[in-house]
Number of protein chains: 2
Amino acid sequence: MFKKVLIVDDHASANSGVLEVLDGLKIEREHIYKSQYCDDAQLKMKRAVLDGEPFDLLITDLSFRDDHRPEKLTSGEALIKALRVDYPEMPIIVFSMVDLLQKVRMLVNEHQVNAYVCKGREASKELKQAIEAVSNKQRFLSQRVQNALSTKNNLEITDFDIELAKQLSFGKLQNQISDYFKDNDISPSSVSSIEKRLNKLRIQFKADNATHLVAKMKDLGLI
Amino acid sequence: MFKKVLIVDDHASANSGVLEVLDGLKIEREHIYKSQYCDDAQLKMKRAVLDGEPFDLLITDLSFRDDHRPEKLTSGEALIKALRVDYPEMPIIVFSMVDLLQKVRMLVNEHQVNAYVCKGREASKELKQAIEAVSNKQRFLSQRVQNALSTKNNLEITDFDIELAKQLSFGKLQNQISDYFKDNDISPSSVSSIEKRLNKLRIQFKADNATHLVAKMKDLGLI
DNA sequence: GCAATCCTTACGGGTTACCGTAACACTACT
DNA sequence: AGTAGTGTTACGGTAACCCGTAAGGATTGC
């Protein structure tokens, strides 16, 4: 089991919930550190390594509110990305409200996150399971996002699609989007292709028109 | 100070943060009740009144995850609305991630919420202040949403506008929206009026077209 | 009571979106 | 080389949106 843990969450109250779980796993409070800012968390990490007593485990949220103070790392994702450069093997558990499969898939595949626990009613139970699993070198995903990695959910939504939908949500016309794509060397760029892609997306998301599509994709947090 | 408190939040971990605040205010744990579901919270409320020992204070979140079990009240807002019918004077503190001024304004004006505290770094401190203020019959708003009630932010966005934008986001055509309004006795209902209102909204939100408008209003949490 | 104003509704013309069809290019497989 | 499949681009027709104008109804103020 882990000995030295860093919890990163801007909610002090959320932290106390995590603490209880760690108590239940017999991890001593004196070896549990907390941070409310991502920059601070990164510093604590580096410091610990320099002191020869690195952390065993990182448990972090994803979203952090903007504060008065300027920060380099403004999200859990940025923190994870930064840490993975120096500590590719460090066990990381994400503990977040977000339950978007797209997000989970990305964090696990791109950033080698070891577990993803959704905050919710079952959070404490699942967080405990996650910690135990990770300490046994296993991966853990919350029930809610279980099938984030199954291939059948891979609806092949490309970066192009996301970019296209974003441009739409900015209020651009199809020919303006075409011009934009031409200017930025994004292919395909013809109005016709843009129409076709949008048509596919509308079918995929069961949307009746462009507005509906944008609304749905925004609900899913894709744009 | 309050004696009997009900905390409604689907995150058990969030609850424990609130508990600490209540500890600091010398509110006895045996008089603190928790609920993870809105329906359950409503029942507890009614039960307490029937038993002749009603709650002094309600602290509730706004968003609750869907669960397997079917529920009547699926949001904190619905809970508050339902409770206000029977207990118009009950002190209510909202404790939520949401920091949209529109939402705060609505809850305070429409549902007579007594305090609104945003979850975040300062949450514990502010929650304490909120409880103290409410116990002194004062209103409290988090720093973050201080100016939710200032008139200058009132851009005269009516319920009609919201409803209209919502229908748009559902992918409906203008004449379908017209039909819908006619069926539901919402006035005005002509396509021409709908066009006009949308035009106003586009100007107000600096949106280039309907899609852009829906995207912006979704960003603001208005729909 | 009357006028000014606002709101609702209707209509027409220009623009954009939506949809089917089709030509052309590129790839992969035989 | 041939063929099937996929992706990009182009075009035309219909429908929906966008915008200005204008008439009729409701409201307000004098």
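By convention in this document, chain letters (A, B, ...) are assigned in the order of the sequence lines, proteins followed by strands, and residues within each chain are numbered from 1. Keep in mind the model is a prediction, meaning the values are calculated, not measured.
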- Query: Between A:N199 (CG) and D:dT8 (P), how many Å, whole number?
  - Reply: 14 Å
- Task: Report yes or no: does B:S142 contribute a side-chain atom to a donor-acceptor pair with the main-chain N or O of B:V145 at less than 3.5 Å?
- Result: no
- Task: Please state whether the phosphate of C:dC18, meaning OP1 or OP2, lies under 4.0 angstrom from any side-chain nitrogen or oxygen of A:Q174.
- Result: yes
- Between the base of D:dC17 and the side chain of B:E195, is there any donor-acceptor pair under 3.5 Å? no
- Query: Between B:S190 and C:dT9, is there a side-chain N or O to OP1/OP2 distance below 4.0 Å?
  - Reply: yes
- Whole-Å distance separating the CG atom of B:L164 from the P atom of C:dC7: 16 Å
- For atom CZ of B:R197 and atom C1' of C:dT8, their distance in whole Å: 10 Å
- Message: Between B:R202 and D:dC17, is there a contact of a side-chain N or O with OP1 or OP2 at under 4.0 Å?
- Response: no
- Note on the structure: Rounded to whole Å, CG of B:N209 lies from P of C:dC18 at a distance of 10 Å
- Item | Nearest-Å distance for atom pair NZ/C1', residues B:K200 and D:dC19 | 15 Å
- Query: How do A:D208 and B:S193 order along DNA chain C: which one's closest nucleotide is nearer the 5' end?
  - Reply: B:S193
- Go through the side-chain N and O atoms of B:K128 and B:S124 and say whether any donor and acceptor fall under 3.5 Å apart. no
- Any Lys/Arg nitrogen of A:D99 or B:R65 sitting under 4.0 Å from an Asp/Glu carboxylate oxygen of the other? yes
- Message: Looking at B:D56 and B:V5, would you say the former's side chain and the latter's main chain have a donor-acceptor pair under 3.5 Å?
- Response: no
- D:dT8 phosphate, OP1 or OP2, under 4.0 Å from A:S192 side-chain N/O: no
- Which of B:H11, B:Q36, B:K119 passes side chain to side chain donor-acceptor pair (under 3.5 Å) with B:D61? Answer is B:K119
- Starting from C1' on D:dG24, measure out to NZ on B:K196 and report it in whole angstrom. 14 Å
- B:I203 CD1 to D:dC19 C1', in whole Å, measures 10 Å
- Given atom NE2 of A:H212 and atom P of D:dC17, what is their separation to the nearest angstrom? 14 Å
- What is the nucleic acid contact for A:S189, judged by heavy atoms within less than 4.0 Å: base, sugar-phosphate only, or nothing? sugar-phosphate
